[in-house]
Amino acid sequence: MLWTRWLVLLLCWGATGGEQQADDREGFALESRADSRRQRSPPPVEPLDFGFVPSSVYDTHAYYEPGAVGILFHMVHAFLYVVQPNHFPKDLIVRVIQQNMGGIKIEEWRKPENVVLLLQWIYYEAGFLICGTIGILFVVLTPIIGMCFCVCRCCENCGGEMHQRQRKNFDCQRGFYTASLIATSIFIVVGVLIAYAANHNVSLQIKSTRRLINTNMRDMKTFANNTPAQIDYLTAQYTTAKNKVLSELDNIGPLLGGRIHSHLEKEVVPSLDTALRMAGAMRETKEALENISTSLEILQEGTGKLQASLSEERASLSNTLSDPACTNGAVSHTCNTIRSTLSQLGINADYSKLQDVRHALANVDTVLKTDLSNIVQKGYTSFNDTPKLVKEQTKNIVSGVKGMLDKIGMEIIGFSKMFPVEASLANFTIFLTDGQKNIESFYPQIDQMDFYRWIGCVAVLCMVVLVLAFNVLGLLCGTCGYDKQATPTTRGCLSNTGGNLLMAGVGFSFIFVWILMGIVTTLFVVGGNVEKLVCEPLANRQLYKIIDTPYLVHPAKKNFLPGMLFQNPNIDLTLGSMYRDCYENNGLYHALQLETMFNINSFLNRTVYNRDLAKVFDSVQVDLQDITLLEQAGRDNLINFANSGVGQIDYEAYLTEVNKGVTVMDLLSFSTDLEAQADQLPRGALENALKGHASSIRQIHREHVVPIEQAMSSLSQSIKLLQRTSNDLPVKVTNILSAIDAAEYLITHNASHVVKQETKAYIQSLVGYFKQYTDWVKNSLSTEVAQCKPISNIVDSMEIVACSFILDSVNTFWFGLGGCCILLIPSIIFSIKLAKYYRRMDTEDVFEDSSYPWLVSL
């Protein structure tokens, strides 16, 4: 049996730790889960696809449908239920076994507890005892009664006198006895057919038994042949988990570094973004200062030219108003009015007093010589290189882990190859083949024994058929030869032969019926009890409860099955649970609860995720000291920009001058009013001159005022932009530098916590792949590897053969034969009564009665 031990040991190699974990992993797992709950949930582990374990297809269908003969089986079961309606006495059987564990001794039955058990058993067997007693009485009394009957008949008593008394209801009595005998014979024929059908069913089902044996053997071979391939598939799928872990290790930079980066970027990136925006603000400031300087020059130059043009135009208009035509009383008022508005032909804004921004512009130009945007981009690049930094700092650890994983894979394969499984299973297959050949070698003997059994049962039935033959022949001869005109002493030969045949049937009935009843009683008591105490509880699994009763076999041995298989009766393994698991086609590992015998969890903890591998993972250290967000040049650049003088510009003075009009009065309005007043003058040279001045003023507006207004608009926009930029500029720069300092402090001083947290999450994801593998191995061992359906099929097949094929047929046989035996009693009575009407009598009664003319003639 060494091969069985090797097989069981190998089947249990892949158990995983669902019930307990190794000490070196438990603390780490608990700490990781607690920390992850406090900080952030770990990333979901990607499910691995381990494929499908090569499945076994079994051919046996342990199911039996009896067909038409099933009706007879149900009749027998109903009869047995009437005889024995009590429930299965599980508790009674258990107490009987436990109290008589050392053997049954007669003196022990005198104990009160055994007397109680005996009375309970008698109560349970009351139906069988009553029927068995009746059968025994039948067997004992029938030959005695038959012998007495024969002696009595020989003494011409008990109907032995060859004399027939005449009665008026003579024909009616003969008809009644004839009909009764025919009906009885028909029922006996039915009983014979029932018994013969049961007898023939046994022979038919023996051939089906061969089919069940062949399919069960074939399934066991399939079980033995497929198990090594299934185990090899389990070991090979470690590569799937290993390759996934190696892939994760190859991408440790993007994975671990990326998680560290994403955790820190909420503090780092905003600070760099503000610095980058400040670099853009520097460029905008330079552009605004350049616009201010340019616009200021344009305004100063333009207002000078505008002042000269307006002065010249004002002098020319004054000379025109000095014309003698203006002295005319009607015109003088208009001229005086125009003369009073000459002072409005002047500029309103004075840009010569505004502060020059060239010094601030020069400072900003100096600041911009240092490319702050490039410096900030270097900070981005330095921070974004965190995955690369992590990969560089962990490359030695990754290479070490790869070597350890390869070693683990070799250990798993070496463990699976440690046991001679294929040789053991090959021996098991040879054992099955030899066993099948040995069983098949008995087929001719079984067929011969079945033939003898069939002949014996037919011979028993022929006893009944012989009686039936005499009854039928007696009825035919008696009925056909009967003549109403003949007297009892003159009956014909055919009629007399019919009566003799009926009496011969009576004689053979007395000879055979007690033998038949003995056979029926024996088969009834044995077959009925086997059906009620074995087959029915086996079908509803009550029998397993008896076998699985704790301490049934021995007071110190709790369970029978593990004590027999593993010499450890304390394992919680029962025959019922094993059968149920095998019936559901679960794995043998789960059905036999082999995890209690072989601690494969410790092996997996020493290999798949061992202490050395945990130490390697715990040694992962990531140093982010080399990350620089903002170089010193960038810091100086920001400080120089804050001190560039942009904030000292008098923006209010600029805005005050910009908001003023270019001229005291709008030149277009002035020219329009001048033309309107010129139109009030009489036509002449004065009118034309004033209109010429109005046209000149419009031209001045187009040539000087419009460009000045455009420059003022550009200046206003630049001033407002620059004012927003320079507002609290030193504070803004200080805040930017403080944010960058805080981010760098976080990276250099507090990042170790983040790195530790993310490293644990990363390692937990790697461990998750191994846990997926071990969980898959355990589930596969429980449900897919070495599926033990053939074991339950063997049990079911044995139940079908023993109970359905054989016992149901045997019970049906005695049921039909017993009915025949019981019906032979009225057959004897009716045959004796009817024979009087067919046999030739020695004497007869003589009457003077006209109703019987054959009597009068005598």
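None of these values were measured; they are calculated from a predicted model.
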Side chains of Phe73 and Asn201: closer than 4.5 Å at any heavy-atom pair? yes
One pair to check against side-chain contact (heavy atoms from CB on, under 4.5 Å): Tyr443 and Ile213. What are the steps and the verdict? CA-CA 11 Å; Tyr443 284 167; Ile213 292 175; 3.8 Å; yes
Could you tell me whether Tyr81 atom OH has more than 12 heavy atoms of other residues or ligands within 6.0 Å of it? no
Thr812 and Met75: side-chain contact (heavy atoms from CB on, under 4.5 Å), yes or no, with the steps? CA-CA 8 Å; Thr812 304; Met75 291 173 58; over 6 Å; no
Once you measure the plane-to-plane angle for Trp454 and Phe451, does it fall in the parallel (<30°), tilted (30-60°) or perpendicular (>60°) bin? parallel
Between Asn586 and Arg580, is there a side-chain donor-acceptor contact under 3.5 Å, judged purely by atom types and distance? no
Take atom NZ in Lys545; do more than 12 heavy atoms of anything else shown fall under 6.0 Å from it? no
Parallel under 30°, tilted from 30 to 60°, perpendicular over 60°: which one fits the rings of Tyr773 and Tyr238? perpendicular
If you round to the nearest 0.5 Å, how far is CZ of Arg210 from CD1 of Ile446? 7.5 Å
Using only heavy-atom distances, determine whether the side chains of Arg218 and Thr60 contain a donor-acceptor pair under 3.5 Å. no
For His200, is the NE2 atom crowded, meaning more than 12 foreign heavy atoms sit under 6.0 Å from it? no
For Phe88, I'd like to know if atom CZ has over 12 heavy atoms of other residues, nucleotides or ligands within 6.0 Å. yes
Note: Lys207-Asp450 ion pair, threshold 4.0 Å (strictly below): no
